[in-house]
Engineer: 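Dropping the structure in here first, questions after.
Lettering of chains follows the sequences in order, A, B, ..., and the numbering in each one begins at 1.
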Amino acid sequence: MIVVKPGHRLRALIVAGSVWFGAAAAQAQSPGVTATEITIGALGPLTGATSFMGVPGRDGMQLAVDEINQAGGINGRKLKLDFEHAFTPAESVAAAKKLVEDDNVFVLVLASGSTGAAAAADYVREKGVPTYNLYGATPIIRTPFAENVFHGAMPSATDSAQALVDRVFQANPKAKKVGLLVGTYAFPQANKGAVLPLLQKKPVDVVVEEFDQGARDFTSQLLAFTREKVDAVIVMGSFSEAGFAIKQAPEKGLTNVVWVLDGSAVNDAVVPILGDKNPPNVWGYSNTPYFPAQSVAATSKFRELWTHRYGQPPQGRPNIYDLVAYGDTYVLAAAIKNAGNDLSWKTLIASWSKLKDVKPSDLGGLDVVYPESFTETDHQGNRLMGRATIKDGIWQVVPN
Amino acid sequence: MAELLMTIVGGIKIGAIYALAAIGLVVIHKATKTVNFAHGGLVMLGAFATYEMVVVFEWPYWMAYIAVPVLIGALGALLEFVVLKPLRRADLFTVIIGTIFLGTALSEAYRLAENSELLAVPALFTGPPLLIDVGSDVVIFTREQIWVTLGALAVGTAGVAIFRYSSLGRSMRAMASNSRGAQLCGYSVEGVYGIAWFLGSALAGLAGVFAAPSKGVSPDLAVSIVASAFVAAVIGGFDSLGGAIVGGLLLGCVETLSAAYVSSSLSMAISYFLLFCVLLVRPEGLFPEAKRRHV
Amino acid sequence: MSGTRVFGLLALPIGLPALFILAGCLADDYWRYVLCLTVSAVVVGAGLTMLVSFARCITLATGAFQALGAYGAVLLMINLSLPFPLAVVAGGCAGALGGLFLAVPAVRFRSHNLAMVTLVFQSIVIIALRELKGLTGGAEGLSVPAATILGVAIRSDLANLVMACVFSALILIPLMILLQGPFGRNLRALAVNEVGARAFGIRIEHYLIAAFVISSAAIAMAAAIVAPRLRIIDPDSFGLYSSILTLAYPIVGGLGSVWGGAVGGAVLRILPEVLRPIAGYIELILSTVVLLTMLCFRGGLSEMVSRLWPARSEPARSSRGSDAVVVSALPHLVQPHDHSAVEALVTDKLVKRYDALTAVDGVNLKVRAGALHGIMGPNGAGKTTLFNTVSGFIRPDAGQIRLFGTDVTSDRIEQRIGLGVTRTFQNLAIFPSLSCRQNVIIGFGRNSIGAALGRSAGWALNTKTSREEAERADWALDAVGLAHVMDLPAGKLSLGDQRRLEIARAVVSQPRLILLDEPVSGVSQQEVEQLLVLLKAINRDLGATMLVVEHNIGFLVSLCDTLSVMASGRIIAEGVPAEVVARRDVLRTYFGETDEAA
């Protein structure tokens with residue numbers, strides 16, 4: 001009966017043992033850095049409800065890493081990306097520990113949503129590993145301020161909430177009643193918490209309706225909005241939920257309203273759901289100067305690069321998370337470059353905190369993100385947000 | 001008033017899809033005593049096949065209505081033969097666990113193969129909605145709503161008729177009530193199981209075709225449909241085809257009505273609570289099949 | 001035996017956590033963290049072994065119970081500053097309460113309806129946690145403070161691992177005792193044969209409720225233990241997916257094994273970490289592994305491993321020369337019943353109808369204490385219905401049944417054994433996965449929930465009572481000639497031997513009345529004679545009254561003191577066997593309709 005365990009024991013011991021010695025050997029120099037290579041660790045959801053962030057996160061980073069390496073690397077060292085799947089909080093902590101303790105990465109990139117980033121927050125603070133938070137809007141990763149945690153193209157939940165509210169009044173300055181259509185799951189709830197106080201400061205009434213993750217039928221919610229005669233609806237959820245809601249709205253008598261979509265719903269895959277290439281009055285914000293499908297030199301080249309590397313993209317890809325992951329990898333590369341040859345967590349954090357208006361093109365990349373700047377007390381790289389709408393079947397950034 | 005009507009109409013439409021999925025579940029259970037938790041996976045694949053035919057290959061829509069059920073029916077019969085046949089002698093416990101994991105395997109395989117969060121499928125009818133005056137208000141019907149509701153219910157009724165009145169249906173019922181006896185009467189187990197799975201899965205495939213425009217194609221379609229179809233079937237008595245239809249419509253209406261008049265975030269909880277009450281008060285469902293004589 | 005039992009009991013609860021601590025000392029923080037989650041999965045798996053493997057209940061509510069435990073413990077830590085160990089216990093109580101709440105209505109369902117009810121519970125718990133935002137933090141989750149024990153905060157991964165291992169051991173020890181002891185055996189017994197279990201006093205609903213409560217408590221505590229290490233708990237982490245994933249633990253680990261769930265939990269929790277390079281495929285791999293296990297390796301990992309292990313010398317198979325069937329040399333434990341003038345069985349105008357058919361039509365039957373009474377009659381005469389009303393399986397429509405003077409007409413089946421009444425089954429109701437000795441021990445009938453829990457503790461401590469039970473079971477097996485197969489699973493015996501086993505099980509409690517339902521049907525002529533001798537010896541030496549329903553008239557005539565003949569639901573003749581069978585009306589009724597007399 002003990003038999004059950006020997007194989008298992010043995011494996012655990014072997015794994016444990018090799019890890020122990022591996023770790024001891026690597027401690028001799030700065031973790032994740034050899035004469036020829038720098039290892040970047042990243043984690044994010046490759047499956048599950050938020051895989052629309054994690055998968056593009058991995059793909060976008062890999063594109064940038066490949067490009068940088070082709071151009072000769074950074075100060076003679078090549079970059080290596082080590083991406084771990086992590087969906088739940090438990091998996092995020094496990095992945096962060098594996099990357100830092102086991103794989104000895106030099107930098108940790110969080111390409112996960114808010115709960116993943118929040119779960120890893122304590123650990124990275126304790127450990128002091130330089131950390132780049134790509135998508136997490138949650139305040140838990142931002143406060144209290146940690147000198148080793150940096151935030152890229154995606155602003156905090158408060159900033160993006162402000163952008164959502166602004167979009168409502170840009171489209172209809174006379175809006176008196178605003179509907180909130182909110183998913184019952186984690187990130188829409190977090191964003192709802194940020195939007196509600198901002199709306200309450202305005203002279204408007206708010207009608208809140210909720211829906212379950214993956215909802216496809218919004219009959220009751222839309223009828224409620226119709227009954228309340230809302231002027232605008234802010235949708236917090238995924239593009240598919242937003243898409244079906246907007247599509248069904250006229251069937252439920254809800255016409256002539258302003259639709260404002262949260263960042264996570266601003267995705268070209270919403271267009272086939274709507275079945276309309278120029279839906280009126282659908283707005284959103286953008287964390288990047290252009291959307292992936294816009295025909296601008298930078299994004300055209302980006303799509304070319306993407307297709308060359310990964311083949312024909314599925315509906316809705318590359319999305320804005322591809323752009324952010326790619327662009328922010330260049331920002332990270334710039335920080336590493338400026339830290340010089342003598343790489344350590346300390347030198348990296350120091351050089352990172354001094355970056356000013358750094359763009360991917362500084363290192364030969366495509367400028368698909370806004371320039372980012374950091375100081376020793378402000379680690380939010382970007383605060384700009386464009387105004388976005390659907391034109392000719394794609395999301396486009398339009399002048400404010 | 002108009003709002004209530006529109007809520008109910010919306011509920012009936014999703015209910016019709018649940019009903020269609022539930023009928024397939026019941027057909028398979030009636031004939032083979034297999035509780036098929038993988039049914040949602042088959043509906044999802046039906047929706048996916050619709051996407052491939054209508055959007056990728058740009059076939060006319062009616063072809064999807066013919067080809068998808070055949071395709072999914074064949075797949076269902078194949079799955080029965082490969083995966084469930086070895087479990088035929090096992091108890092219900094084993095079979096249920098088997099189909100639960102078969103279902104997850106189907107949706108995971110789809111997710112890995114397609115790697116996209118959602119595929120949108122256009123509706124068959126896209127014309128302007130029909131407006132009907134009700135007092136001072138206007139009730140809006142879309143053509144798609146009418147088509148899905150009536151189409152799904154018609155197919156469901158046809159499925160019921162096949163099971164009840166054709167010789168095919170007789171063989172399945174015979175096999176279910178007494179498999180030894182049915183074999184002695186010349187029905188082959190393989191044949192009847194194959195046909196039952198084909199028919200049940202074909203209904204799942206059709207549910208997928210009907211559901212595709214309003215639900216899109218995504219891996220989680222499998223779980224959401226199978227849960228709803230089960231609730232519908234259990235409410236209806238699990239062995240009653242007519243009960244499955246009523247159960248589906250009831251569930252659809254309860255979902256939308258509770259979202260409209262109680263709380264949109266609690267509608268799931270409320271419909272599950274309904275199921276719980278039905279099970280407590282009438283464990284045999286609202287429409288139990290005639291009880292077997294107890295000797 | 002005692003040595004192997006102690007080893008079997010403690011190897012997993014102490015050995016595995018100790019091993020994890022050892023590995024954790026050698027490993028880095030990542031593996032310490034993983035091992036910490038793994039030891040929790042081991043406990044979850046052991047909890048599911050009780051519910052899924054043993055009670056054969058399909059549960060889709062494991063995630064909900066984990067959530068109840070984790071949220072329960074954490075909320076008490078935050079709001080009442082409860083010390084961590086108390087919070088874990090409170091989390092376990094929350095799980096147990098949830099289990100009770102679910103089980104009381106749920107245990108009347110089996111198979112898919114049970115699965116649906118657990119799914120409903122799962123969904124409602126998760127929705128409740130999500131919507132009670134003020135308390136639980138809603139969908140965004142709840143930050144968990146570090147665990148404190150005696151004022152010391154447990155922060156490092158190693159400290160957390162040690163703490164989790166210690167707590168797990170404390171949960172696993174009682175769990176293993178319950179699983180391996182009489183409670184677990186009774187659970188396995190009722191899962192394969194409800195009828196047989198009920199005849200020996202096992203109340204199915206009570207056991208299933210207990211199984212739900214105990215396993216929920218274990219699962220909840222398993223989640224509470226690791227909650228501080230997760231740093232954030234959110235409803236999503238405990239969703240339906242987690243329930244399905246954990247359902248795989250006992251299956252992959254092996255449904256037939258006490259260790260199955262724990263082993264499955266350990267392997268399936270570590271597997272995704274080992275397979276990180278192909279993380280996207282992990283769900284598909286997992287469901288395929290489960291399907292393959294069910295199709296090809298029903299015994300799961302534990303059976304695969306135990307096959308590799310050199311087999312302990314199995315006792316010789318059933319082919320034996322057990323002609324020595326006489327109940328010889330009755331041990332001191334056994335004292336024959338003293339028969340005062342009481343009637344063992346009296347039925348008074350007993351009636352049982354099925355729709356138009358009156359199967360038992362005003363039967364008045366008297367069986368004197370100490371007698372060997374037979375009932376014969378053609379097919380459809382109502383013998384089996386009469387037998388089943390006497391044994392409690394069918395409730396009569398009218399009339400009265402008295403056993404040793406007590407009116408039992410409306411008593412439950414499970415109460416019969418308390419009166420010293422046991423039975424055997426025509427279609428055999430043995431518990432194939434249990435050993436012969438364990439089958440017989442169930443025959444003592446001390447199977448109410450309370451008694452079974454107490455006996456499990458007694459078994460673990462190897463008390464005198466527990467030893468005596470085993471001794472007497474061995475005696476009973478010896479008496480029926482099955483001494484050589486005591487440790488063999490009952491399912492491996494031949495049909496004739498299974499009949500003997502049923503008799504051993506029926507006599508071990510020294511019953512006053514034994515009801516025998518066609519004891520020689522399907523048995524070879526040689527074995528019929530052996531059984532005849534055996535039954536007579538039992539009647540003589542134990543003083544047990546016997547009521548036998550049988551088609552084999554020759555057997556009845558040689559066995560019985562008195563005989564009743566039934567036809568069309570009535571007793572048409574009664575008396576000394578040889579005289580009764582010679583009566584003309586009996587011959588006409590009997591042989592006029594069938595010719596199956598032997």
Side-chain angles (χ1 to χ4, degrees), chain B residues 25 29 33-37 82-87 90-113 115 219-220 223 226-227 230-231 233-234 238 263 265-277 279-280 283-285 293-295, chain C residues 52-53 55-58 60 102 105-106 108-117 119-128 130-131 138-139 191-192 240-241 243-245 247-248 250-252 255 280-296 298 354-355 357 359 385:
Chain B
L25 208 60
H29 182 252
K33 293 278 162 249
T34 308
V35 178
N36 182 21
F37 274 87
V82 176
V83 182
L84 292 165
K85 193 181 161 195
L87 295 181
D91 57 355
L92 212 50
F93 169 88
T94 313
V95 175
I96 290 175
I97 291 178
T99 57
I100 288 176
F101 285 94
L102 179 61
T104 48
L106 285 180
S107 56
E108 282 305 312
Y110 162 76
R111 192 181 55 73
L112 289 169
N115 190 25
D220 33 296
V223 177
V226 79
F230 257 91
V231 174
V234 169
F238 218 85
S263 157
S265 56
L266 289 180
S267 81
M268 271 277 279
I270 291 165
S271 41
Y272 275 131
F273 187 71
L274 167 86
L275 169 75
F276 191 63
C277 294
L279 278 175
L280 276 192
E284 70 281 11
R293 236 190 71 191
H294 187 86
V295 179
Chain C
V52 178
S53 314
R56 291 181 91 74
C57 292
I58 297 173
L60 293 174
L102 168 63
R108 34 184 181 144
F109 304 113
R110 303 315 293 265
S111 74
H112 63 275
N113 277 348
L114 180 60
M116 285 311 290
V117 174
L119 176 67
V120 167
F121 184 81
Q122 162 77 37
S123 311
I124 289 181
V125 167
I126 297 304
I127 292 172
R130 199 185 71 197
E131 294 302 317
V192 288
L240 180 60
Y241 173 68
S243 290
I244 294 180
L245 174 75
L247 182 58
I251 297 162
V252 173
L255 283 171
Y281 294 84
I282 195 74
E283 284 94 354
L284 183 62
I285 293 174
L286 186 92
S287 19
T288 315
V289 165
V290 174
L291 282 176
L292 285 179
T293 309
M294 304 216 71
L295 293 180
C296 313
R298 212 57 83 71
Y354 294 113
D355 298 327
L357 175 80
T385 308

Engineer: Under the 3.5 angstrom rule, does the side chain of C/R130 hit a backbone N or O of B/S265 as a donor-acceptor pair?
Structural biologist: yes
Engineer: Under 4.5 Å heavy-atom distance to chain B, tell me which part of C/L284 shows up: side chain, backbone, both or neither.
Structural biologist: both
Engineer: Looking only at heavy atoms, which two atoms of B/T104 and C/S287 are closest? And how far apart?
Structural biologist: OG1-CB, 3.3 Å
Engineer: Looking at B/L87, B/V231, B/L279, B/V83, which makes the most heavy-atom pairs under 4.5 Å with chain C?
Structural biologist: B/L279
Engineer: Return the option, out of C/L295, C/I124, C/T288, C/L291, with the maximum number of heavy-atom pairs under 4.5 Å with chain B.
Structural biologist: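 Among C/L295, C/I124, C/T288, C/L291, the one with the most close pairs to chain B is C/L291.
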Engineer: Assign the ring pair B/H29 / C/H112 to parallel, tilted or perpendicular, where the plane angle (0 to 90°) is split at 30° and 60°.
Structural biologist: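 Perpendicular: the ring planes of B/H29 and C/H112 meet at over 60°.
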Engineer: Output side-chain donor-acceptor pairs under 3.5 Å for residues 93-102 of chain B, partner residues at least two apart or in another chain, one line each.
Structural biologist:
residue, atom, partner, partner atom, Å
B/T94, OG1, B/D91, OD1, 2.5
B/T99, OG1, B/V35, O, 3.0
B/T99, OG1, B/F37, N, 3.1
B/T99, OG1, B/V95, O, 3.4
B/T99, OG1, B/I96, O, 3.0

Engineer: With a 6.0 Å cut-off (strictly less than), is the heavy-atom count around CZ of C/F109, excluding the residue itself, greater than 12?
Structural biologist: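 Count over threshold, so yes.
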Engineer: Which residue out of C/I126, C/I244, C/T293 racks up the most heavy-atom pairs below 4.5 Å with chain B?
Structural biologist: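 Option with the greatest count: C/I244.
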Engineer: Checking C/L114 against chain B: side chain, backbone, both or neither under 4.5 Å from a heavy atom?
Structural biologist: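 For C/L114, no heavy atom lies under 4.5 Å from chain B.
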Engineer: For the interface with chain B, which of C/C57, C/S111, C/A106, C/A248 has the highest count of heavy-atom pairs at distances below 4.5 Å?
Structural biologist: C/S111
Engineer: How about B/F273: does its CZ atom have over 12 heavy atoms from other parts shown lying under 6.0 Å from it?
Structural biologist: no
Engineer: Non-hydrogen atoms of chain B under 4.5 Å away: do they reach the side chain of C/E131, the backbone, both or neither?
Structural biologist: side chain
Engineer: Does C/R56 form a side-chain contact (heavy atoms from CB on, under 4.5 Å) with B/L92? I'd like the steps, not just the answer.
Structural biologist: CA-CA 10 Å; C/R56 291 181 91 74; B/L92 212 50; over 6 Å; no
Engineer: Heavy-atom distance under 4.5 Å to chain C: side chain of B/L280, backbone, both or neither?
Structural biologist: both
Engineer: How close do B/A90 and C/R298 get, heavy atom to heavy atom, and via which atoms?
Structural biologist: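 Heavy atoms only, the tightest pair is CB-NH1, 4.0 Å.
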Engineer: Rounded to the nearest 0.5 Å, what separation is found between the CG atom of B/L112 and the CD1 atom of C/I285?
Structural biologist: 9.0 Å
Engineer: What pairs with C/R110 under salt bridge (charged side-chain N to carboxylate O under 4.0 Å, His left out), at least two apart in sequence or on another chain?
Structural biologist: C/E194
